[in-house]
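This report concerns only the one structure given below.
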Amino acid sequence: MSAPSPNLVQPLRWQGDHLQVLDQRQLPQSEIWLQCRNADDVAAAIHGMAVRGAPAIGIAAAFGLVLAARASEPLAAAAQRLNAARPTAVNLRWALARLMALGTADAAVLVAEAQAIFDEDLQQNLTMARFGADLIEAGSRVLTHCNTGALATAGHGTALGVIRTAWADGRLAGVYNTETRPWMQGARLTAWELQREGIPSRLIADAAVAELMRTERIDWLIVGADRIAANGDTANKIGTHTLAIVARAFGARVMVVAPSGTFDLETADGSAIPIEQRGAEELTAYRGQQVAPAGVAAFNPVFDITPATRVDALVSERGVIRDPDATKVRAMMA
Ligand code: MRU
């Protein structure tokens, strides 16, 4: 993996015989690299959220399959275990299918394809960032959710890539990001990336969005996606749908930014997208510290579905769709 910029944050490093994964659970306090030496190490890193973000887990899974090939393991079984690590982000299935479609167990061939997925992701992010930034008027204020930056991708980011490029253009008068409970990807990761880039931003509690929009004009809510169905319905980090509803209520527009590997044309609409449910302890405790009464039950879906009707612009490396619907999505992905 070649870094395009010396300052680039990277979530993954291929080392020839193993994959290094930056443990995002420890950020921003510590930068600890995990050594994944086989496919199951990679699956555990994905399931355990050491690496997260749809494009990054797709890339990690591709290198996981390379490790299986190097160990002469049956690839179909390894692909199945990697794919099961997280159910919502379709990039996982997409990246594994791309390697499996080569019809070879030759690790050298598979590593070249995994590297190609990595390199393409970075290029696609730069292309999408330009498309997205061009939608943003000078003097705009934007809000983003979760972490969609370099940590979630091969670099630059999807929604955060648009914000980076728009900031470099001088278009932005303000950047806000949510803390993104319960994993705090916004507070821990997005705020860290923005700070490292020298982009001034303000953190808000997830619950502060309506008050933010009542008191400040916010022009765009800009988010990524884990899966986009054929009709443009979008699965993304829990809370995205709430933010989209509030954004619409206050006249802010909603931009979803994702590469073509996030589009799932086999899934007709959002109702068929599997939503990952995680354990109650993610809500009842924080980093091992009990918050809620012991034994309390919880409902913890970690993604939600924003209907296409609440999205103003869907941006991929292939272009921009305004007011997405099935016909427009099919045309862009053809
Ligand atoms: O649970 P996570 O942290 O993997 O969720 C990540 C998101 O929801 C992102 O918005 C999405 O994967 C797009 S990342 C470019």
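In each ligand, atom 1 is the first atom listed, and ligand 1 is the first ligand listed. All residue numbers in this chain count up from 1 along the given sequence.
Shown here are the salt bridge (charged side-chain N to carboxylate O under 4.0 Å, His left out) partners of Arg93, two or more places apart in sequence or in another chain: Asp264, Glu266.
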What are the polar N/O contacts of ligand 1 with the protein below 3.5 Å, with distances?
| from | atom 1 | to | atom 2 | distance (Å) |
| --- | --- | --- | --- | --- |
| ligand 1 | 1 (O) | Arg86 | NH1 | 3.3 |
| ligand 1 | 1 (O) | Arg86 | NH2 | 2.9 |
| ligand 1 | 1 (O) | Lys237 | NZ | 2.8 |
| ligand 1 | 3 (O) | Arg52 | NE | 2.8 |
| ligand 1 | 3 (O) | Arg52 | NH2 | 3.2 |
| ligand 1 | 3 (O) | Gln185 | NE2 | 2.9 |
| ligand 1 | 4 (O) | Gly53 | N | 2.9 |
| ligand 1 | 4 (O) | Arg86 | NH1 | 2.8 |
| ligand 1 | 8 (O) | Asp226 | OD1 | 2.9 |
| ligand 1 | 8 (O) | Asn236 | OD1 | 3.2 |
| ligand 1 | 8 (O) | Lys237 | N | 3.2 |
| ligand 1 | 10 (O) | Asn236 | OD1 | 2.6 |
| ligand 1 | 12 (O) | Ala54 | N | 2.9 |
| ligand 1 | 12 (O) | Asp226 | OD1 | 3.0 |
| ligand 1 | 12 (O) | Asp226 | OD2 | 3.2 |

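A salt bridge is defined here as a Lys NZ or Arg NE, NH1 or NH2 lying under 4.0 Å from an Asp or Glu carboxylate O, and Glu137 with Arg217 fails to meet this definition.
Counting heavy atoms from C-beta on, the side chains of Ile321 and Val329 come closer than 4.5 Å. Gln290 has its side chain within reach of Thr284: a pair of non-hydrogen atoms, C-beta onward, lies under 4.5 Å apart.
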Table please: side-chain donor-acceptor pairs of residues 238-249 below 3.5 Å, with sequence neighbours left out.
| from | atom 1 | to | atom 2 | distance (Å) |
| --- | --- | --- | --- | --- |
| Thr240 | OG1 | Asn236 | ND2 | 2.9 |
| Thr240 | OG1 | Lys237 | O | 2.6 |
| His241 | ND1 | Ile305 | O | 3.2 |
| His241 | NE2 | Arg310 | NH1 | 2.7 |
| Arg248 | NE | Asp312 | OD2 | 3.4 |
| Arg248 | NH1 | Thr309 | O | 3.0 |
| Arg248 | NH2 | Thr309 | O | 3.3 |
| Arg248 | NH2 | Asp312 | OD1 | 3.4 |

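Here Tyr286 sits in one hydrophobic cluster together with Met184, Val291; the rule is ILVMFWY side chains under 4.5 Å apart, joined directly or through other members.
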